[in-house]
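Proteins get letters first, then strands, A, B, ... in listed order; numbering begins at 1 in each.
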Amino acid sequence: MASRKEGTGSTATSSSSTTGPAGKGKGKGSSGDSAVKQVQIDGLVVLKIIKHYQEEGQGTEVVQGVLLGLVVEDRLEITNCFPFPQHTEDDADFDEVQYQMEMMRSLRHVNIDHLHVGWYQSTYYGSFVTRALLDSQFSYQHAIEESVVLIYDPIKTAQGSLSLKAYRLTPKLMEVCKEKDFSPEALKKANITFEHMFEEVPIVIKNSHLINVLMWELEKKSAVADKHELLSLASSNHLGKNLQLLMDRVDEMSQDIVKYNTYMRNTSKQQQQKHQYQQRRQQENMQRQSRGEPPLPEEDLSKLFKPPQPPARMDSLLIAGQINTYCQNVKEFTAQNLGKLFMAQALQEYNN
Amino acid sequence: MATPAVPASAPPATPAPATAAAPASTPAPAPAPTPAPAPSPSPAPAAAPASSSDPAATAAVTAAPGQTPASAQAPAQTPASSLPGPALPGPFPGGRVVRLHPVILASIVDSYERRNEGAARVIGTLLGTVDKHSVEVTNCFSVPHNESEDEVAVDMEFAKNMYELHKKVSPNELILGWYATGHDITEHSVLIHEYYSREAPNPIHLTVDTSLQNGRMSIKAYVSTLMGVPGRTMGVMFTPLTVKYAYYDTERIGVDLIMKTCFSPNRVIGLSSDLQQVGGASARIQDALSTVLQYAEDVLSGKVSADNTVGRFLMSLVNQVPKIVPEDFETMLNSNINDLLMVTYLANLTQSQIALNEKLVNL
């Protein structure tokens, strides 16, 4: 831990046993390759995230929290988590950093891993590719090489299957964010497309033996009725909402494109003007020379023709990324539904 | 059952509830861990679960039945126990049902696994809400404590701090009681219960048997009640409560998924893709259907006697498959499929559009 500076200042006393694998993890990361190939989550963390959203987050608000765990070779193990209170206007004196520090200190007393390895966030119908997320993840990844952000989709989960994804920023995007230069030229140089902004890391869930025993016990005791939402055919509402969000985004995208086009047009017009001006100048100078007068001083063209501000391309990248996610979601959804429809058809045919 | 033979112990007996209180010889604000002497010669606290574990805590002050030697300490201890006792355990608020969320149990097991060297069990606080009919436990955190033969020390400051932090996230949660791992209620439990009665009126005590006695992990909840002869010495008894499990919908789905690790060899499972999930769900229904079929066949062949209620359920099940005219069904099916195909096509189109845009911009 001493070798890895935490973003929030250091809980300096480290458990020396983790510096070993942490060092290894860092070594691998610096080779330009992604440092984390797999994320292993404890069942407990999953349950806690679900509960946090259920109790605190309703509607379109996102709930966030911190993930704790450790790094083992190329695997990121997440063993615990704690929720973050939501920002309220009237809690102006609420100190987030202090809350975090206190929480981690207390957890250390009960032997819970106190290494900060990432954060989680809930999402509304899959809309998580925002500037805020990018910034947060960047600062996390900058401070801690292997951190991930877990995106939990409660609405999709309620439909039948747990939807939990882990994302990291690609190294290329990290570079760009570090430079903070989002102009078109820089992005072109870095050769980033919207598909290469986030990389998804596969997740596995692991439980200890004792928790397995607990699960058996629960199964015996609670014998809850199996919920079959997964097989329900009435899901057009969900699809409708998804498509609506997609349409909004596409609108934003088109606006952005229009802006970019105007910019391009302005630049080219300006180039032309510059060119003309230069030509005129030269002609004048030639005339003056022929008349024997001193040539006019070369004026600074850049001052005369101030180049228009190139629009930041980051937003459009984000929008494209978001549209991509929506499309993926929609496709997954339709695949599932097609399967279900065919099953229903088979049932009906059998009946007749 | 010895009568409180020693007359010297009679006077302390009167302020009954008060003295039933812990011998906590430290003043009420219990900041740092407060050690408390547990009585030595306690006839092994009958140890029958849910039976009186009182002899312990009453720390010999109230010469509990059979505590003759200990009563010698009684006079010495009386002055110390002038603390306000626990709230008189009235009717248990909210009836007799405790509803637990699986998150709690997983937390408890996890903190048990991370206990300090040499600690036989872990304890912690339970948080939740009280309802008219039941008490719902939704959160918990573990509290460091030290336990040895004759004393027990609980870090109450830590517990208070953690509660404050938790309150910032969920302001509705109250302290409901405490939990302990281990398969029995020990003497120290009573002491700890006293500490917690200062935080919450009538706290609940939850035990999770991680030592797997009888091959099962038994989960029980208790509340403390007074017992004994009124007017004389009073003791404390833990009475059991019914434990039910409450799940949010999403929690149930999460638990289902996590349960799958029981079947995999190295206890690891990955998240499955969409069609796999549909396949899984339909496999489950298939299993259920085959069980039902098996039952029907058994009844027909006379192996099992017919049960009318089950028969009625089966009837409603079969009638649930709607009888639709084939042409209508065809049209419905086709229009649905067309919708989905169109949406897929649009999604693909959009994706290729943005890819194109990307290329153009980067020219």
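- In this structure, the portion of Y112(B) lying under 4.5 Å from any heavy atom of chain A is its side chain and not its backbone.
- When heavy atoms are compared at a cutoff of 4.5 Å, D42(A) approaches chain B solely by way of its side chain, counted from C-beta outward.
- Interface remark: L239(A) contributes side-chain atoms only to the contact with chain B (heavy atom separation under 4.5 Å).
- Top candidate by heavy-atom pairs under 4.5 Å with chain A, chosen from G254(B), G279(B), A288(B), S170(B), is S170(B).
- Neither the backbone nor the side chain of S111(B) comes within less than 4.5 Å of any heavy atom in chain A.
- Counting heavy atoms from C-beta outward, L107(A) and F82(A) have side chains that approach closer than 4.5 Å.
- Taking chain B as the reference chain and counting heavy-atom pairs below 4.5 Å, the highest number among L243(A), N324(A), V330(A) is found for N324(A).
- Per-residue heavy-atom pair counts under 4.5 Å with chain B were compared for G339(A), S316(A), P83(A), and the maximum is reached by P83(A).
- Interface remark: N357(B) contributes side-chain atoms only to the contact with chain A (heavy atom separation under 4.5 Å).
- When the shell of 6.0 Å around CE of M264(A) is examined, it contains 12 or fewer heavy atoms from other residues, nucleotides or ligands.
- Side-chain atoms of H101(B) and E251(B) include a donor-acceptor pair closer than 3.5 Å.
- N242(A) does not touch chain B: none of its heavy atoms, backbone or side chain, sits under 4.5 Å away.
- Checked for salt-bridge contact, K168(B) and E102(A) miss the test: no charged N lies under 4.0 Å from a carboxylate O.
- When each of M253(A), K48(A), Q345(A) is checked for heavy-atom pairs under 4.5 Å with chain B, Q345(A) comes out on top.
- Note: S106(A) leads G43(A), A335(A), S106(A) in heavy-atom pairs under 4.5 Å with chain B.
- Heavy-atom distances place no part of L346(B) under 4.5 Å from chain A, backbone and side chain included.
- Under the 4.5 Å side-chain criterion, counting only non-hydrogen atoms from C-beta, L164(A) is in contact with I41(A).
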May I have the step-by-step check of side-chain contact (heavy atoms from CB on, under 4.5 Å) for K331(A) and Q351(B), ending in yes or no?
CA-CA 11 Å; K331(A) 284 202 284 197; Q351(B) 275 184 318; 2.8 Å; yes
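- Chain B forms more heavy-atom pairs under 4.5 Å with one residue of Q38(A), Q328(A), E332(A), M343(A) than with any other, namely E332(A).
- Taking 4.5 Å as the limit, some side-chain heavy atom of E55(A) sits within range of a side-chain heavy atom of T138(B).
- Looking only at distances, a side-chain donor or acceptor of T181(B) sits under 3.5 Å from a matching main-chain atom of V122(B).
- Interface remark: V110(A) contributes backbone and side-chain atoms alike to the contact with chain B (heavy atom separation under 4.5 Å).
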Quick one: do K51(A) and N139(B) satisfy side-chain contact (heavy atoms from CB on, under 4.5 Å)? Show the steps, please.
CA-CA 9 Å; K51(A) 170 204 175 277; N139(B) 207 347; 3.7 Å; yes
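- Of the atoms belonging to E330(B), it is side-chain heavy atoms, and not backbone ones, that fall under 4.5 Å from chain A.
- In plain terms, the two heavy atoms of V255(B) and P102(B) that are nearest each other are CG2-CG, 3.8 Å.
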